[in-house]
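Remarks on the structure that follows.
Here is the naming used below: chain letters follow the sequence lines, and residue numbers restart at 1 for every chain.
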Number of protein chains: 2
Amino acid sequence: MVEPKETKKEYPKPAVTVDIVLFTILDKKLKVLLIKRALEPFKGMWAIPGGFVKMPESLEAAAKRELQEETGAKDIYLEQLYTFGEPDRDPRDRVITVAYMALTNSEKIVLTPKTDVSDAKWFSVDELPKLAFDHSKILEYALKRLKWKFEYTTVAFSLLPEKFTMSQVQSLYEIAFNKKFDKRNFNKKIRSLKILNKESTQKNVSYRPPKLYSLRKNLPSIIEVVKPSD
Amino acid sequence: MVEPKETKKEYPKPAVTVDIVLFTILDKKLKVLLIKRALEPFKGMWAIPGGFVKMPESLEAAAKRELQEETGAKDIYLEQLYTFGEPDRDPRDRVITVAYMALTNSEKIVLTPKTDVSDAKWFSVDELPKLAFDHSKILEYALKRLKWKFEYTTVAFSLLPEKFTMSQVQSLYEIAFNKKFDKRNFNKKIRSLKILNKESTQKNVSYRPPKLYSLRKNLPSIIEVVKPSD
DNA sequence: TCAAAAGTGTTGTGTGTACACCCATGT
DNA sequence: ACATGGGTGTACACACAACACTTTTGA
């Protein structure tokens with residue numbers, strides 16, 4: 001990195017924000033958290049939650065803080081996606097935004113809109129409203145990454161409770177890929193990955209009680225869960 | 001994205017730079033371009049080339065500009081990697097850097113150090129000096145991404161001339177993965193991808209003249225060139 | 001006994017991997 | 001004629017895909 005003398009001269013600087021695309025599964029659908037803007041610009045429009053990076057905090061810390069302010073949730077899976085910096089993406093100022101993707105089990109969180117937000121809601125990813133700024137582009141990118149990550153890693157499991165059944169896992173993948181999988185093949189594939197611990201057997205269901213599993217700790221980060229499509 | 005009223009109050013902003021990890025193949029080795037810093041901080045140390053983002057230019061435009069200033073090269077493969085923003089990564093100011101990876105055929109370019117740089121050189125990726133800032137981390141990340149991209153996409157071909165032989169392709173992959181491939185299997189795999197046009201046959205070599213190929217245009221972006229390892 | 005979801009195996013097809021010899025050219 | 005890198009095929013192992021019936025429980 002080159003640091004020309006200009007540093008001292010205080011050239012104008014862009015503002016830096018973080019925006020977070022938070023996904024969850026709700027009503028058998030993949031949903032994303034959007035907030036309704038209470039202020040200009042794009043007042044009244046839906047947008048991805050986010051905010052300015054404060055001077056002493058890292059980008060990831062800023063993303064975590066924003067996420068917690070909106071949802072109260074801690075221990076959320078969080079991953080940096082991409083940085084969007086077209087000069088005209090904010091109509092007022094030059095604003096560069098570092099986009100993050102987050103995944104959570106929807107039961108863990110309670111929506112608590114901040115004061116600069118008039119509403120916060122879950123939207124199905126296939127029934128999205130028009131979004132403020134370039135947030136549609138960001139969301140589209142996040143969706144691509146989500147699918148990719150589901151194929152090649154175990155992040156999908158962060159959308160499930162601690163203990164879960166095999167059909168919950170399958171349902172999760174079917175929702176994300178909008179596609180049915182064969183139960184036997186899916187089972188076999190997941191078992192062959194050796195990423196699950198057997199826990200116990202669920203009770204109090206009016207049908208054959210399923211086995212419960214949990215995700216093993218300290219797994220390698222890339223493991224190819226489902227076969228790439230197309 | 002939320003834009004609180006703070007915008008108008010001109011809170012302090014971090015500076016934003018782009019840093020570019022430029023790879024090439026030279027002397028049968030994977031090399032990276034480093035510059036020797038002529039100014040503080042880290043004066044005299046090697047670093048990844050980069051510089052400040054100017055107000056009216058996009059991040060990618062800034063990366064292209066810096067790259068061209070250093071190398072004179074246009075039409076270089078360029079891809080955003082990751083944004084590094086730890087508050088203390090620059091000892092003076094808060095500086096957030098958007099890292100890019102670039103690939104070029106080394107014959108296309110001529111190194112032309114800028115005035116704030118006292119030297120610019122190609123380093124083998126396995127013989128790197130200590131680097132300024134967090135640039136070692138950035139480079140490490142770039143290398144991971146490079147390998148990943150080589151496995152799953154055709155970006156590797158941007159390190160080759162317009163027309164090339166099959167052994168040049170194989171050699172490229174062998175260098176990047178530091179691993180030998182079987183000639184017949186490699187050939188078969190590449191041919192099965194249907195990503196190459198047959199061009200003609202090379203002349204003036206003192207051995208059986210090889211066939212020349214070029215990369216087809218408008219290929220899908222993901223195609224799994226080599227099998228994932230580990 | 002019924003409803004509901006759980007659980008379980010075999011076979012065919014395609015893809016990856018291992019492996020060795022002859023070919024075309026310039027000198 | 002020889003040195004140099006170019007070019008080619010077959011056999012085995014493994015992973016994916018297609019496919020249907022029986023089991024366990026609570027009501």
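- Every side chain to side chain contact (heavy atoms under 4.5 Å, CB included) that A:Thr201 has, sequence neighbours left out, goes to A:Pro209, A:Lys211.
- At the phosphate of C:dT8, OP1 or OP2 sits under 4.0 Å from a side-chain N or O atom of A:Lys211.
- D:dG7 atom C1' lies 19 Å from atom CZ of B:Phe181, rounded to whole Å.
- Contacts between residues 153-165 of chain B and DNA chain D, defined by a heavy-atom separation under 4.0 Å, are absent.
- Contacts of A:Ala156 classified as side chain to side chain contact (heavy atoms under 4.5 Å, CB included), with partners at least two apart in sequence or in another chain: A:Phe150, A:Leu172, A:Tyr173.
- The CZ atom of A:Phe186 sits 17 Å away from the C1' atom of D:dA18 (whole-angstrom rounding).
- Considering only side-chain N and O atoms, A:Ser167 lies nowhere under 4.0 angstrom from the phosphate OP1 or OP2 of C:dA5.
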Per-nucleotide protein contact string for nucleotides 19-27 of chain D, where B marks a base within reach and S marks sugar-phosphate only (heavy atoms under 4.0 Å, - for neither): BB--BBBS-
Could you tabulate the donor-acceptor pairs under 3.5 Å formed by side-chain atoms of residues 21-34 of chain A, not counting sequence neighbours?
from	atom 1	to	atom 2	distance (Å)
A:Thr24	OG1	A:Thr104	O	2.6
A:Thr24	OG1	A:Ser106	N	3.0
A:Lys28	NZ	A:Ser171	OG	3.4

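- Rounded to whole Å, the distance from CD1 on A:Ile190 to P on C:dT8 is 15 Å.
- Contacts of A:Phe84 classified as ring pair (Phe, Tyr, Trp, His ring centres under 6.0 Å), with partners at least two apart in sequence or in another chain: A:Tyr82.
- In this structure, B:Asn187 atom CG and C:dC19 atom P are separated by 18 Å, rounded to whole Å.
- Residue pairs meeting the salt bridge (Lys or Arg N to Asp or Glu O under 4.0 Å) criterion with at least one partner in residues 74-85 of chain B, sequence neighbours excluded, are B:Glu79-B:Arg145, B:Glu79-B:Lys149.
- The distance from atom CD of A:Gln168 to atom P of C:dG7 is 12 Å, rounded to the nearest whole Å.
- In this structure, A:Lys189 atom NZ and C:dT8 atom P are separated by 19 Å, rounded to whole Å.
- In this structure, the CD atom of B:Gln202 is 11 Å from the C1' atom of D:dG6, given to the nearest Å.
- Checking side-chain atoms of A:Asp182 against main-chain N and O of A:Asn185 turns up a donor-acceptor pair under 3.5 Å.
- For residues 122-132 of chain A, the set of pairs meeting the salt bridge (Lys or Arg N to Asp or Glu O under 4.0 Å) definition, not counting sequence neighbours, is empty.
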Return a table of donor-acceptor pairs under 3.5 angstrom between the side chains of residues 212-219 of chain B and protein atoms on other chains or two or more places apart.
from	atom 1	to	atom 2	distance (Å)
B:Ser214	OG	B:Glu199	OE2	2.7
B:Arg216	NH1	B:Lys194	O	2.4

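- In this structure, CG on A:Leu143 lies 12.5 Å from CD1 on A:Ile138, to the nearest 0.5 angstrom.
- Across the protein-nucleic acid pair, A:Leu212 atom CG and C:dA6 atom P stand 11 Å apart, rounded to whole Å.
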